[in-house]
Amino acid sequence: MAKFEKASDDVKLLFEEVREKTTIPQWVVIEVLCNDKQKNDPCKLFKANDLLETLTNIDGGGGINFVVVINEEIFGQLPKDMQKIAIDECLAGVGISDADVLTLEKPNFNTHTGVLAKYGDKSIIVLHESIKSLYDAKKQKEDEEKAAKKGKRGKKKGVEV
């Protein structure tokens, strides 16, 4: 088997079924490929570079923006509901700014399964959100202090006559 091949029709249909339920606009072109040598993730998202987008832009209709690579050997052994979750999790990495700039977003949640099993997903999510809020507040305070220092340096003291 070549390193990358077209995904099976069943996988493509399931992919499109899951994609239709996302907020990803239809103008975003996502190619689904298969690589049974892919390790760790049965479904992985890659952002296409400018060269690939240009080479695949046919008749000005837009080139490939993202490529999803699926290890069909592993993916096919998952129950259908887990296959849908894997695709949905993969598509969560598609980022689109207000100016329609596409980005590949990194996952915003990372933990160990033992901790997740011990405390439950809700407690871990609250913990991660709390930590993020604390860091955001700290950065905002530092930015305000920096701006205040800049403001003081910019003012000249008045000279009395």
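If you chain together hydrophobic residues whose side chains sit under 4.5 Å apart, Ile64 and Trp27 never meet in one group. Under the 4.5 Å side-chain heavy-atom criterion for grouping Ile, Leu, Val, Met, Phe, Trp and Tyr, Val32 is connected to Met82 within one hydrophobic cluster. A chain of hydrophobic side-chain contacts below 4.5 Å, direct or via other Ile, Leu, Val, Met, Phe, Trp or Tyr residues, connects Ile30 to Ile87. No continuous path of hydrophobic side-chain contacts links Val69 to Val28 [ILVMFWY only; heavy atoms under 4.5 Å]. Hydrophobic clustering, with ILVMFWY side chains joined whenever heavy atoms are under 4.5 angstrom apart, groups Leu104 together with Val94.
For Asn49, the CG atom is densely surrounded, since the number of other residues' heavy atoms within 6.0 Å is greater than 12. Within 6.0 Å of the CG atom in Asp9, the count of heavy atoms belonging to other residues, nucleotides or ligands does not exceed 12. Applying the 6.0 Å contact sphere to CG of Asn110 captures no more than 12 heavy atoms from other residues, nucleotides or ligands.
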>> Applying side-chain contact (heavy atoms from CB on, under 4.5 Å) to Val68 and Phe46, what does each step give before you reach the verdict?
In response: CA-CA 6 Å; Val68 171; Phe46 297 91; over 6 Å; no
> Can Glu72 and Ser8 be said to form a side-chain contact (heavy atoms from CB on, under 4.5 Å), step by step?
Replying inline: CA-CA 8 Å; Glu72 286 189 359; Ser8 69; 3.4 Å; yes
> What do the steps show when you test His112 against Val115 for side-chain contact (heavy atoms from CB on, under 4.5 Å), and what is the final call?
Replying inline: CA-CA 5 Å; His112 298 277; Val115 174; 4.3 Å; yes
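Here Glu17 pairs with Leu14, Lys21, Lys84 under the side-chain contact (heavy atoms from CB on, under 4.5 Å) rule; sequence neighbours left out. Looking at residues two or more places apart in sequence or on another chain, you find a side-chain contact (heavy atoms from CB on, under 4.5 Å) between Leu55 and Leu51.
Here the side chain of Ser123 pairs no donor or acceptor atom with the backbone of Gly120 at under 3.5 angstrom. Not one N or O on the side chain of Asn71 forms a donor-acceptor pair closer than 3.5 Å with the backbone of Pro42.
Atom-to-atom distance recorded for Ile70:CD1 and Cys90:SG is 7.0 Å, nearest 0.5 angstrom. A distance of 10.0 Å separates CG in Leu45 from CD in Glu105, rounded to the nearest 0.5 Å. With values rounded to the nearest 0.5 angstrom, Phe4 atom CZ is found 7.5 Å from Gln38 atom CD. The NZ atom of Lys12 sits 10.5 Å away from atom SG of Cys34, with the distance rounded to the nearest 0.5 Å. To the nearest 0.5 angstrom, Phe66 atom CZ is 8.0 Å from Ile24 atom CD1. Interatomic distance, CD1 of Ile131 versus CG of Leu134, reported as 7.5 Å (0.5 Å rounding).
Of all heavy-atom pairs between Val11 and Ala7, the closest is CG1-CB, 4.1 Å. Looking at every heavy atom in both residues, Phe75 comes nearest to Ala86 through CE1-CB, 4.2 Å.
When side chains are defined from C-beta on, Val101 does not count as touching Ile96, because their heavy atoms never get closer than 4.5 Å. Residues Leu52 and Val67 meet the side-chain proximity criterion, which asks for heavy atoms closer than 4.5 Å. Considering only heavy atoms from C-beta on, Glu53 comes within 4.5 Å of Lys47 through its side chain.
No side-chain donor-acceptor contact under 3.5 Å links Glu5 and Asn35.
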